[in-house]
Peer 1: 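Structure provided below as structure tokens; questions to follow.
So you know, we letter chains A, B, ... as the sequences are listed, proteins then strands, and number each from 1. Computation of the quantities below employed the complete heavy-atom set of this structure, encompassing side-chain atoms and omitting hydrogens, waters and symmetry-equivalent molecules.
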Amino acid sequence: MKHSLYIYNTLSRKKEEFVPIHENKVGMDVCGPTVYGDPHLGHARPAITFDILFRYLQHLGYKVRYVRNITDVGHLENDADSGEDKIVKKARLDELEPMEVVQYYTNRYHKAMEALNVLSPSIEPHASGHIMEQIEFTQKILDAGFAYESEGSVYFDVEKYNKKYHYGKLSGRNIEDMLETTRELDGQSEKHRSIDFALWKKASPEHIMHWKAPWSEGFPGWHMECSAMGTKYLGEQFDIHGGGMDLMFPHHECEIAQNRAGLGKDTVKYWMHNNMITIGGQKMGKSLGNFITLEEFFTGNHKLLTQPFSPMTVRFFILQAHYRSTIDFSSTALEASEKGLSRLMEGYARLQKIVASSSSSVETAGLRAKCEEAMCDDLNTPIVISYLFDTLRAINLIHDGKEIISATDLEELQSVFKLFIEDILGLQSETEVSSGNDAYKKAIDLLLNMRLEAKQNKDWATSDKIRNELTALGFEIKDTKDGFEWRAP
RNA sequence: GGUACCUUGGCCGAGUGGCUAGGCACCGGUCUGCAAAACCGAUUACGGCGGUUCGAAUCCGCCAGGUACCUCCA
């Protein structure tokens, strides 16, 4: 029996059954990175969360168009007149062309994502390549009467919008509170209200990145790109929009308002938000300066890291928590994940070598359904993983010859493990890649066969010497009943 | 100040009314020349107080502590 997928919709604050707008097709938009810095652990979370969703929707048989944008126009540093493109600022510091910075960090992002086994989205549009669409969208909002021009910039009229629609429906805020709690109005004289946000911003003279628009030489406001690009590639109504929880307000709230004002209808059916990764209980982020880049994880080159952590360990660590929970980073937590993952992957490798018997003494039939059920319950990957570990025990017992499994059950188990470990969770074995070529493998086998002989002759000195030397080089040697297993460093 | 959320055993983390996920660590055992691995077993838990209920980690109230957003952030 096929389960229905339920996902948590931030709009309703409830798990809802996922029903696509168009049968068998899913449109999905996720906020991608701003490419002015190295990708860090925080970037890995939404990428992996929505990678899982992307993979699972496809597994369910949907044809998915996944749009993940690259923000390269930059956001305003602040709302004041001196607001400056982040990308421009960095470029000037580095004395690079803005697009050079964009290219550099985009490449770095892609490299990290590939290492994490995050699938490429269907379309990865750059904001800088969609200025026309953003200008047109802004014009639509102006035409609809929900924006005003002021000194070359265009602002969204939140109060007017709120009279007809509801500004704050996603984040649960109300406009009165926002007006009360926003104190500083200095330097914002262009705007009618402090809560109004820019759709188009006139560029100051020192601003390098700017484009021609009916109102001024300038650049789009920072919520505009999602409205313009999402609807361009997915239509005026599409299924899923995702991103980090910190984007809920103002970014996604403003996007909802822009789309409603410009198109006259709500665009997104399901809003999904992943929670943050914390470090010592605090959000890991740029402003706090407590983030660790993905490269630092992979190399171990950071004062908070006791060792390097492989991309798969990082991926597994993230999947061991539900995407809507905060997950607290620590080196010891990563170490625990690393060991768990390694045990899981070894068991998975063992599963391939198991020889079937005429019947089964272990019960494994329900695994597929249980895992599907967990995934359908708002992508509960930690539960899926716990089921895999439960089954791992049976696999090891069969491997040790203490239990038996029939050919039918074995085939099913292999199929389920492949489906969930590789296809859905996207975990891949890292040791096989690094094991090198055939000659190298044969050389190690040769050494270990010599050790086996020494053992048979009770020559413990030679036997231990080979094992100790190989261990010192980073190899893992395991004796089995009738031989050995080894793993490259 | 406003809004939302969180507090689970040594650590990380599931779980939303009864059936006490899982991982890592630790302890005991089996196996082994020794070790590793694997397996078996044991131990440790739901922030505090009160309420609802036959029964609460799970629902309600209060208190304490913490986090996020309200400014760029995944």
Peer 1: Evaluate the side-chain proximity of A/Phe420 to A/Leu367: yes if any heavy-atom separation is below 4.5 Å, no if none is.
Peer 2: no
Peer 1: Measure distances between side-chain N and O atoms of A/Ser463 and base N and O atoms of B/rG33, and say whether any donor-acceptor pair falls under 3.5 Å.
Peer 2: yes
Peer 1: What interatomic distance, in whole Å, is found between C1' of B/rG9 and the corresponding atom of B/rU71?
Peer 2: 40 Å
Peer 1: Within the 4.0 Å heavy-atom criterion, would you say A/Arg343 contacts the bases, only the backbone, or no part of the nucleic acid?
Peer 2: sugar-phosphate
Peer 1: Expressed as a whole number of Å, how far does the C1' atom of B/rA35 sit from that of B/rA74?
Peer 2: 45 Å
Peer 1: Rounding to an integer number of angstrom, what distance separates B/rU7 and B/rA37 when you compare their C1' atoms?
Peer 2: 38 Å
Peer 1: Within 45 degrees of the ring normal and closer than 6.0 Å to the centroid, is that where the cationic atom of A/Arg451 sits relative to A/Phe484?
Peer 2: no
Peer 1: Base, sugar-phosphate, or nothing: which does A/Ser325 touch, judged by heavy atoms less than 4.0 Å apart?
Peer 2: sugar-phosphate
Peer 1: Answer yes or no: is there a side-chain heavy-atom contact under 4.5 Å between A/Asp479 and A/Lys455?
Peer 2: yes
Peer 1: What's the gap between B/rA42 and B/rU30 when it is taken at their C1' atoms, as a whole Å value?
Peer 2: 15 Å
Peer 1: Determine the Euclidean distance between corresponding P atoms of B/rU58 and B/rC46; express it in Å to zero decimal places.
Peer 2: 11 Å
Peer 1: Under 6.0 Å from the ring centre and within 45 degrees of the ring axis: does the NZ or CZ of A/Arg68 meet both conditions for the six-membered ring of A/Phe50?
Peer 2: no
Peer 1: For B/rG48 versus B/rG22, give the span between their P atoms, rounded off to a whole number of Å.
Peer 2: 24 Å
Peer 1: Looking for any heavy atom pair under 4.0 Å, which part of the strands does A/Asn380 touch: base, sugar-phosphate only, or nothing?
Peer 2: sugar-phosphate
